[in-house]
S.K.: 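I have a structure I would like to understand better, so I am pasting it below and will then ask my questions one at a time.
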Amino acid sequence: MELNNLVEPKEVEITYETDAPVRYETDGPIAYVIMDRPKYNNAQNSQMTYALDAAFRRAVDDDAIAVIVLKGAGRHFSAGHDIGTPGRDLHKEFDRKLLYPGHTNKPGAELLYTREQEVYLGMCRRWRDMPKPTIAAVQGACVAGGLMLAWVCDFIVATDDAFFQDPVNRMGIPGVEYSAHGFELPPRVAKEFIMLGERMSAERAHNFGMVNRLSTREKLDEDVKAMAMELASRPRLGNWLTKQALNLVEDLRGKRSAMDAHFHMHHFAHAQSDLVSSNSLGGMDAKSMAAANKKQAGGA
Ligand code: ZN
């Protein structure tokens, strides 16, 4: 989801607070890919997206790395796609990694459609199919676009204070671009998750199998490392083949085609919002979304 107000000037000034929105660290056979925009709760702009892709590339290319862990620095895993920080870079072209054209010169709904094919749906599928086991270490908020990053990982370990939420139905959008909701959760729960957009606790997510293991803030690193080391002790090819086999089961159950269908509904919703409100997010922005979410969660 992106703010694409048609009356907004395209030459928006971008002020990055960092040149390195992703850190890459290793510990023996484990690569840690760490989202590092804690000031903005790791909101994902394109700068971060391509830094994530480069870090994953590095981990995949290094034969000494057996397992990849995705983390978020600071209090939260990820607040989702960047819809309002000074580093929001919707109207910037990057060195694309998939075979899609540039988006910034495209008119109307084609702009977001082209961009999100690459940076959201395309990238998430690419990351989901990495040939090494991946673990998402989730603390605090894992919201909207943040869900996509956790869902592409093979395993999710979450702290007991973590929560998951897709609030974009407030924007008239039927869930985030990588529509795994109906595969991660039972259908009735997935409807509730999107339509009501409430926070789902890590414990409830664990009950549905969306979270593999529960941990705590104090033990998250230790628990994730133990799991990663165990995975690293298994044959490399066996891990890759197992991952592919189970990903294929999901695809045979229709995950890929359901996502393709949903992606077009998602963009019909963006376009409808542009037509009726000149804003592809249904008139919502980062501030109003945060306020609505807080109110719903009963927070101050
Ligand atoms: Zn979108």
Side-chain angles (χ1 to χ4, degrees), residues 1-6 8 10 12 40 42-50 52-53 78-85 87-94 96-98 100-104 106-128 142-152 164-182 184 190 193-195 197 256 258-290 292-293:
M1 57 192 179
E2 287 290 357
L3 194 64
N4 182 34
N5 192 324
L6 292 179
E8 176 189 19
K10 299 292 184 198
V12 191
Y40 299 114
N42 300 320
Q44 184 191 343
N45 55 9
S46 287
Q47 181 201 37
M48 177 187 279
T49 302
Y50 288 100
L52 281 171
D53 191 72
S78 171
H81 296 149
D82 188 341
I83 57 171
T85 84
R88 178 177 153 258
D89 50 10
L90 164 63
H91 295 293
K92 182 173 158 71
E93 288 288 351
F94 284 79
R96 293 177 301 283
K97 299 300 173 190
L98 307 174
Y100 294 110
H103 68 283
T104 55
K106 299 299 181 292
E110 189 179 0
L111 184 148
L112 269 196
Y113 180 78
T114 305
R115 177 171 188 270
E116 295 192 352
Q117 284 275 12
E118 158 102 3
V119 300
Y120 295 152
L121 185 59
M123 280 294 169
C124 280
R125 283 175 164 170
R126 171 178 163 94
W127 298 338
R128 177 237 189 192
C142 180
V143 175
L147 287 170
M148 296 165 52
L149 298 173
W151 282 344
V152 299
F164 302 84
Q165 184 181 25
D166 187 349
V168 305
N169 191 37
R170 284 188 191 284
M171 303 166 171
I173 295 171
V176 289
E177 291 83 0
Y178 183 83
S179 182
H181 314 65
E184 299 285 350
F193 188 64
I194 298 175
M195 287 192 221
R256 192 175 176 87
M259 273 191 185
D260 280 329
H262 168 271
F263 186 78
H264 292 83
M265 296 175 205
H266 178 101
H267 277 275
F268 172 61
H270 275 317
Q272 169 73 355
S273 291
D274 263 338
L275 284 169
V276 302
S277 70
S278 297
N279 175 309
S280 58
L281 300 186
M284 304 292 285
D285 61 15
K287 212 172 157 186
S288 58
M289 282 298 283
N293 288 336

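Since we're looking at a predicted model, the values are computed, not measured. In listed order, ligands and their atoms are each counted from 1.
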S.K.: Taking only residues two or more places apart in sequence, or in another chain, which ones meet Lys92 in a salt bridge (Lys or Arg N to Asp or Glu O under 4.0 Å)?
M.R.: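 Once residues adjacent in sequence are excluded, Lys92 has no partner under the salt bridge (Lys or Arg N to Asp or Glu O under 4.0 Å) criterion.
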S.K.: Under 4.0 Å between a Lys/Arg side-chain N and an Asp/Glu carboxylate O for Asp53 and Arg96?
M.R.: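 No.
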S.K.: Among the N/O/S atoms of His266, which is closest to the Zn ion (ligand 1)? Give the atom name.
M.R.: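 Restricting His266 to its N, O and S atoms, the minimum distance to the Zn ion (ligand 1) goes to NE2.
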S.K.: Regarding His81, does it place an N, O or S atom less than 2.8 Å from the Zn ion (ligand 1)?
M.R.: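 No, outside the cut-off.
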S.K.: Going by salt bridge (Lys or Arg N to Asp or Glu O under 4.0 Å), name the residues that satisfy it together with Arg170, two or more places apart in sequence or in a different chain.
M.R.: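 Partners of Arg170 by the salt bridge (Lys or Arg N to Asp or Glu O under 4.0 Å) criterion come out as none, since no residue qualifies.
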S.K.: At the Zn ion (ligand 1), what is the angle formed between atom OE2 of Glu177 and atom OE2 of Glu116, rounded to the nearest 10°?
M.R.: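 Output for this angle: 90°, rounded to tens.
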S.K.: If we ignore angles and hydrogens, is there a donor and acceptor under 3.5 Å between the side chains of Arg115 and Ser46?
M.R.: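 Arg115 vs Ser46: donor-acceptor pair found between side chains.
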S.K.: Under 2.8 Å from the Zn ion (ligand 1), is there an N/O/S atom belonging to His270?
M.R.: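 For His270, the answer is yes, given that an N, O or S atom comes within less than 2.8 Å of the Zn ion (ligand 1).
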